[in-house]
Structures are given as structure tokens and as C-alpha cells.
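Have a look at the structure below, then the notes.
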Amino acid sequence: MKTLRLILGDQLNIKHSWFKDTNDDVVYCLFEMRQETDYVKHHIQKVIGFFGAMRQFAEDLKTQGHKVVYFRIHDKNNTQDLIENLSLLINEHNIEHFQYLHPDEHRLDKQLNAFTDSLDISSKVFTTEHFYTSRNDLATFFEGKKQFLMENFYRDMRKKHDILMVAGQPEGGKWNYDKSNRNKWKGDVSIPNYKLFKNDVSEVIKDIKTGSVETIGKFETKTFPYPITRKQAIEQLKYFCEELLVHFGDYQDAMHTEEEYLFHSRLSFAMNLKLISPKDIVTSVMNYYRKHSDDINISQVEGFVRQVIGWREYMRGMYWAFMPEYKSKNELNNHNKLADFFWTGNTKMNCLKHAINNSLDNGYAHHIQRLMITGNYALLTQTDPDQVDDWYLGVYVDAIEWVQLTNTRGMSQFADGGKIATKPYVSSGSYINKMSNYCGDCHYNKSKKIEDDACPFNSLYWNFLDDKREQLGNNFRMGMMYSLLDKMDKKALQDIKKKAQHIIEHQNEY
């Protein structure tokens with residue numbers, strides 16, 4: 001029976017059981033499509049990375065002896081629509097059976113479910129064989145519970161997969177070393193040169209232009225620096241273990257004007273395309289740690305493992321537990337426009353200038369830059385979460401909705417009313433100064449609230465708390481801040497709110 005198998009752009013798992021054997025009656029298909037480039041405006045490096053990795057994956061399959069049909073973005077027979085492309089191939093190749101892998105985005109899952117329901121031929125869906133958990137494991141784990149605390153899920157994952165466990169107890173005596181992961185990097189600990197790949201993507205760039213794909217961000221070279229093959233991903237992982245793991249935990253929340261990546265692994269793009277699996281990564285990190293435990297503190301390793309088996313799997317589970325309703329959540333009723341400087345980086349606020357320009361230049365920012373700089377500002381200015389979602393989904397090379405949406409709408413913007421985060425992640429300028437050197441040469445003064453040169457985060461912070469008292473006033477984790485707000489001089493608060501309103505209404509002047 002002649003079979004057509006679909007591979008989406010984020011399903012590039014060469015170790016999948018599909019590819020163990022070759023079969024002349026099986027045809028694999030991959031498509032570069034305007035359907036995928038246009039649903040939000042993506043960073044040029046994101047489109048380049050996806051297309052580059054997909055093309056290499058198709059070549060690897062052919063090298064292994066598999067039959068592959070690949071549509072480039074400008075091919076004449078490319079309809080630019082997933083369903084139309086599949087229908088075309090089914091007819092053209094006299095396909096009798098259709099197979100695909102579970103998509104990780106709800107819109108594609110819905111699209112393919114409807115397509116298979118309409119088919120006159122048989123079909124079957126398979127797992128991607130990538131994640132530790134299945135789609136519904138988290139919903140099952142939290143069934144009947146009022147809160148969905150990541151920490152509880154993370155501890156269960158540690159036990160279930162015997163990671164950093166000794167005789168049923170957490171290795172080192174603690175489940176979580178988060179308090180050890182908040183050091184400010186001051187330049188006293190050297191950072192090795194970054195591992196940058198030189199993938200020639202000049203042909204991909206040419207095709208993107210020919211295909212008239214509109215993008216954001218910058219790309220001024222012809223070589224793509226992130227891994228686009230499994231081999232490169234493994235090289236990146238090896239480099240992380242040997243050069244960066246030793247200080248990862250200490251500085252995972254740190255930010256600095258002269259360092260874009262610090263000790264971060266830069267593996268998220270490869271992992272989210274499934275070039276390399278979370279099990280590959282955790283196993284390698286644990287093996288390296290076991291061999292070098294005299295030199296590497298457990299807090300470095302636990303901080304990294306928590307991001308992979310805890311946070312990443314948790315976010316995916318929350319996505320599938322609450323979609324599609326989750327995508328429209330706006331519990332804080334925020335409707336302001338995203339500041340224009342998110343698209344240009346032209347702002348006098350030094351922290352935002354660096355975080356946004358890093359995003360536009362490299363399609364990258366680490367989790368604290370995303371959460372406590374750009375996300376913090378968007379929430380404090382009470383920006384519509386739809387606009388925040390679109391920016392985050394478009395600007396980062398590693399952004400795929402299942403991981404982006406829950407991080408942005410839940411963790412960053414608190415638009416889900418507290419399903420993911422137990423409190424909004426907002427701060428004044430003091431936190432930014434604590435974790436970075438951004439404030440040192442900023443146009444604004446981190447200690448002032450209402451003066452012309454006052455840090456905008458300060459007035460925005462107190463204004464936000466006051467504006468959202470109805471929704472947040474009873475939040476047990478915010479009691480201290482509301483107590484301070486209640487003690488604030490009424491005239492002083494009025495002046496702060498006036499200043500904050502001016503910032504919100506004239507964001508592009510700041």
C-alpha cells in the first residue's frame with residue numbers, strides 16, 4: 001500500500017522509528033509554505049533556520065535511501081497551503097494511506113484532524129518520540145487539583161525518570177537550587193568564545209526573497225550560527241557541558257550589556273525542531289556531571305535540568321490542557337498597544353534597548369530578558385496580550401506556539417489569571433539593577449519615580465499595582481507590596497500614576 005508521510009518543520013527527528021527501514025512504497029514530504037511564514041511576521045533568522053534545517057533533513061533522508069518530496073517556498077507546484085499540498089501529492093502519487101506525526105501546535109492539529117476526517121483513504125497518526133511526557137500527562141497529574149504548580153510536576157518527573165535522585169530523595173538534599181541561580185555577572189568569571197556554526201544559507205536567503213516572505217529582524221551574514229543538524233546539535237551540547245555548565249546555574253538569570261548569551265546552552269532552537277531530544281540533552285549533562293562532580297556544583301546541573309524536564313515539559317502540558325481557550329485569555333483586561341520600539345530597539349531605556357536589539361539582531365534573548373525586561377515592561381504598560389504573543393512568537397528563532405504561548409500569556413503577562421504563575425512577574429528598576437549592569441549608563445535614574453529622568457519602570461510598577469488591585473489585591477504572594485502601596489502618601493501615589501499614564505500614552509518618547 002503506497003503511503004505518504006508528512007514531516008512538519010519542527011519534526012526533524014532523524015532518530016524516529018519511521019526512518020529505521022527504507023520502503024519504496026513510502027514517500028516522505030516536507031513543505032516550505034506561506035501558510036507557516038505568514039500567520040505572524042517571523043524573524044528572518046527564524047525562517048532561515050527552519051528552511052535550512054528542513055532542507056538538510058530532507059537531504060539526510062535521501063542519503064539514507066528514503067523517497068522524499070520537498071517543496072521549496074517558490075516552487076511552482078507549491079500551493080503554499082498544507083492541505084492543498086497534501087491533496088496534490090495524494091492524487092499525483094496514487095497514495096492509498098496517509099500518516100503524520102502529532103503536531104505540537106493546536107492550529108495544525110485541528111487542520112490535520114479535519115483533513116484526515118475528509119479523506120477517502122486510510123490514515124494514522126504517530127507520536128513524535130521526542131518529549132518525556134505525552135500531551136495529556138500533565139492534565140492527568142493535576143486532575144482534581146486547584147493549582148497547577150510546576151514544582152510539584154517537576155519533582156514527580158525527577159522521581160519518575162530517576163534524575164538527580166538518591167534512594168528516593170533529591171540528590172544533595174534539596175529539590176530546587178533556584179536561590180543559588182540568581183547571581184549578577186560582573187565580568188570576574190570568564191566566558192569562553194561562543195560556539196557558532198557557519199551554515200551557508202545564501203540559497204535559502206535568496207529563495208525567501210524570491211518567495212516574497214515578509215520578515216522582521218536582521219541578518220547581515222550568509223552563515224546561520226545555530227545548529228541545523230543533529231550532528232551540530234550534539235556538538236553544541238558537548239560544548240555546553242565542557243565549557244558552560246560549570247557556571248550555568250550561577251548566572252542563568254544574569255544580564256549584561258556586553259554578553260548576549262553568557263553561560264546559556266543555545267540549544268533551544270535545535271531541541272524545538274527535534275534535531276535533538278530532551279533525553280539526549282539531560283543524559284549527556286548528567287553523564288558529564290558524574291565524571292566531573294568534583295568541579296561542578298549540583299546547583300549548576302539542577303538549574304539546567306529543571307528548565308528541560310520541569311519547565312519545558314510543564315509548558316507543553318499546560319498548553320494542551322487549556323487550548324484553544326487559553327489563546328484568548330486576558331484576565332487582567334489589558335488592551336494597550338505594544339510600543340513601536342519593540343520593532344526597532346529605539347528607546348532610551350537601556351535594559352529594553354539591549355534586550356530588544358539582541359532579539360532583533362540574533363533572534364535570541366534568554367528567559368530573564370524575556371520575562372523581566374520585555375515582558376515586565378509590556379505587562380506594566382498593560383499591553384494587549386495578543387500583541388505581546390505575536391511579537392514573542394515572531395521574534396525568536398526557538399519560538400513555537402506550544403512553548404511560546406504559555407510562557408508569554410501565562411508566565412509573562414499573567415493573562416491566564418494565575419494558572420501558570422502564582423503572581424505577576426513585575427518589578428521596578430531595582431530588580432533590573434540587581435541582575436544586570438543595564439542601569440549603570442542608562443539615560444534614566446533607577447532610584448527616581450516621577451522626575452523627568454526617573455526610571456519608567458518605577459512609576460509603572462506602582463501604577464500597575466494600584467490599577468489591578470481588584471484582580472491582585474488578595475494574591476497571597478503580593479501582600480507585602482500592597483501593604484507598602486497602602487502606606488504610600490496619597491499625593492505621592494497620584495503623582496506616580498500621572499507619570500505612569502504619561503509614559504503609557506507616549507511610550508515612543510521614552
Side-chain angles (χ1 to χ4, degrees), residues 12-15 49 53 130-132 154 157-158 161-166 170-172 174-178 180-183 185 188-199 224-256 259-313 362 364-368 397-398 403:
L12 310 184
N13 176 12
I14 200 69
K15 292 295 184 180
H130 173 78
F131 295 94
Y132 276 91
Y154 168 56
M157 289 287 286
R158 288 265 298 272
H161 298 283
D162 194 26
I163 299 171
L164 289 173
M165 299 295 296
V166 177
E171 184 173 342
K174 293 170 64 176
W175 285 105
N176 191 309
Y177 289 83
D178 185 49
S180 303
N181 302 153
R182 304 173 186 172
N183 294 344
W185 186 76
D188 49 336
V189 178
S190 62
I191 300 173
N193 291 329
Y194 303 126
K195 177 84 171 175
L196 301 175
F197 295 92
K198 295 184 178 180
N199 296 297
F224 186 71
Y226 299 99
I228 64 169
T229 66
R230 177 175 172 81
K231 181 181 177 183
Q232 289 182 350
I234 289 171
E235 286 181 37
Q236 183 78 37
L237 173 58
K238 184 173 183 287
Y239 180 81
F240 170 70
C241 290
E242 293 175 352
E243 302 291 342
L244 305 174
L245 179 60
V246 64
H247 294 301
F248 170 79
D250 290 339
Y251 302 108
Q252 70 175 2
D253 287 3
M255 299 171 285
H256 199 276
E259 294 293 337
E260 290 140 348
Y261 306 111
L262 289 155
F263 296 94
H264 289 268
S265 71
R266 298 172 71 251
L267 279 164
S268 56
F269 174 76
M271 188 160 42
N272 289 355
L273 267 63
K274 302 181 180 60
L275 297 171
I276 190 168
S277 75
K279 288 184 180 180
D280 290 333
I281 291 172
V282 171
T283 298
S284 293
V285 167
M286 290 303 304
N287 287 343
Y288 190 85
Y289 169 57
R290 295 297 177 215
K291 293 176 183 176
H292 302 86
S293 57
D294 290 342
D295 303 315
I296 301 176
N297 190 281
I298 190 173
S299 65
Q300 320 297 339
V301 180
E302 188 278 323
F304 185 78
V305 165
R306 187 182 344 123
Q307 288 194 5
V308 179
I309 73 164
W311 200 242
R312 187 171 184 266
E313 299 280 333
N362 304 301
Y364 175 88
H366 72 64
H367 64 286
I368 295 299
V397 296
D398 63 1
V403 69

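We count residues from 1, following the sequence as given.
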Interatomic distance, [X] atom [atom1] to [Y] atom [atom2] [nearest 0.5 angstrom]:
{"X": "Lys238", "Y": "Ile234", "atom1": "NZ", "atom2": "CD1", "answer": "11.5 Å"}
{"X": "Met286", "Y": "Ile163", "atom1": "CE", "atom2": "CD1", "answer": "7.5 Å"}
{"X": "Asn13", "Y": "Lys274", "atom1": "CG", "atom2": "NZ", "answer": "8.5 Å"}
{"X": "Ile296", "Y": "Asp294", "atom1": "CD1", "atom2": "CG", "answer": "10.0 Å"}
{"X": "Leu245", "Y": "Ser265", "atom1": "CG", "atom2": "OG", "answer": "10.0 Å"}
{"X": "Lys174", "Y": "Leu164", "atom1": "NZ", "atom2": "CG", "answer": "13.5 Å"}

Within the structure provided, determine whether [X] and [Y] are in side-chain contact (heavy-atom separation under 4.5 Å).
{"X": "Cys241", "Y": "Val285", "value": "yes"}
{"X": "Met271", "Y": "Pro278", "value": "yes"}
{"X": "Met255", "Y": "His366", "value": "yes"}
{"X": "Phe304", "Y": "Val282", "value": "no"}
{"X": "Val246", "Y": "Phe263", "value": "no"}
{"X": "Pro192", "Y": "Leu244", "value": "yes"}

Applying salt bridge (Lys or Arg N to Asp or Glu O under 4.0 Å), can you list everything that pairs with [X], at least two apart in sequence or on another chain?
{"X": "Asp280", "value": "Arg230"}
{"X": "Lys15", "value": "none"}
{"X": "Glu235", "value": "Lys195"}

### Query
Does the pair Glu313/Arg306 count as a salt bridge with the N-to-O cut at 4.0 Å?
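Salt bridge flag = no for Arg306 with Glu313.
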[X] side chain to [Y] backbone, donor-acceptor under 3.5 Å:
{"X": "His161", "Y": "Met157", "answer": "no"}
{"X": "Arg158", "Y": "Trp175", "answer": "yes"}
{"X": "Asp250", "Y": "Asn183", "answer": "no"}
{"X": "Asn181", "Y": "Asp253", "answer": "no"}
{"X": "Gln300", "Y": "Gly249", "answer": "yes"}

### Message
If the test is side chain to side chain donor-acceptor pair (under 3.5 Å), which one of Glu302, His264, Gln252 qualifies with Gln307?
### Response
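Going through the options one by one, the only one that passes is Gln252.
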### Query
If you take all heavy atoms of Val403 and Asn272, which pair is closest and at what distance?
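Reported closest heavy-atom pair: CG1-ND2, 3.9 Å.
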### Closest non-hydrogen atom pair between Leu275 and Pro227, with its separation
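What the structure gives for the nearest pair is CD1-O, 3.8 Å.
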### Message
For Leu273 and Tyr226: C-alpha separation, side-chain torsions, deciding distance, then whether side chain to side chain contact (heavy atoms under 4.5 Å, CB included) applies.
### Response
CA-CA 12 Å; Leu273 267 63; Tyr226 299 99; over 6 Å; no
### Task
Taking the six-membered ring of Phe240 (Phe, Tyr or Trp), confirm whether the NZ or CZ of Arg266 is under 6.0 Å from its centre and within 45° of its axis.
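No - Arg266 does not lie over the ring of Phe240 by the 6.0 Å and 45° rule.
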Side chain to side chain contact (heavy atoms under 4.5 Å, CB included) partners of [X], counting only residues at least two apart:
{"X": "Ala365", "result": "Ser359, Gln369, Arg370, Tyr396"}
{"X": "Thr229", "result": "Gln56, Lys231, Gln232"}
{"X": "Ala254", "result": "Trp185, Tyr251, Leu262"}

### Query
Considering the options Tyr364, Phe197, Phe224, which one meets the ring-ring contact (aromatic ring centres under 6.0 Å, His included) requirement together with Phe269?
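That would be Phe224; it is the only one of Tyr364, Phe197, Phe224 passing the ring-ring contact (aromatic ring centres under 6.0 Å, His included) with Phe269.
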### Query
Mind checking whether Tyr261 and Tyr194 have ring centres under 6.0 Å apart?
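Ring centroids of Tyr261 and Tyr194 are less than 6.0 Å from each other.
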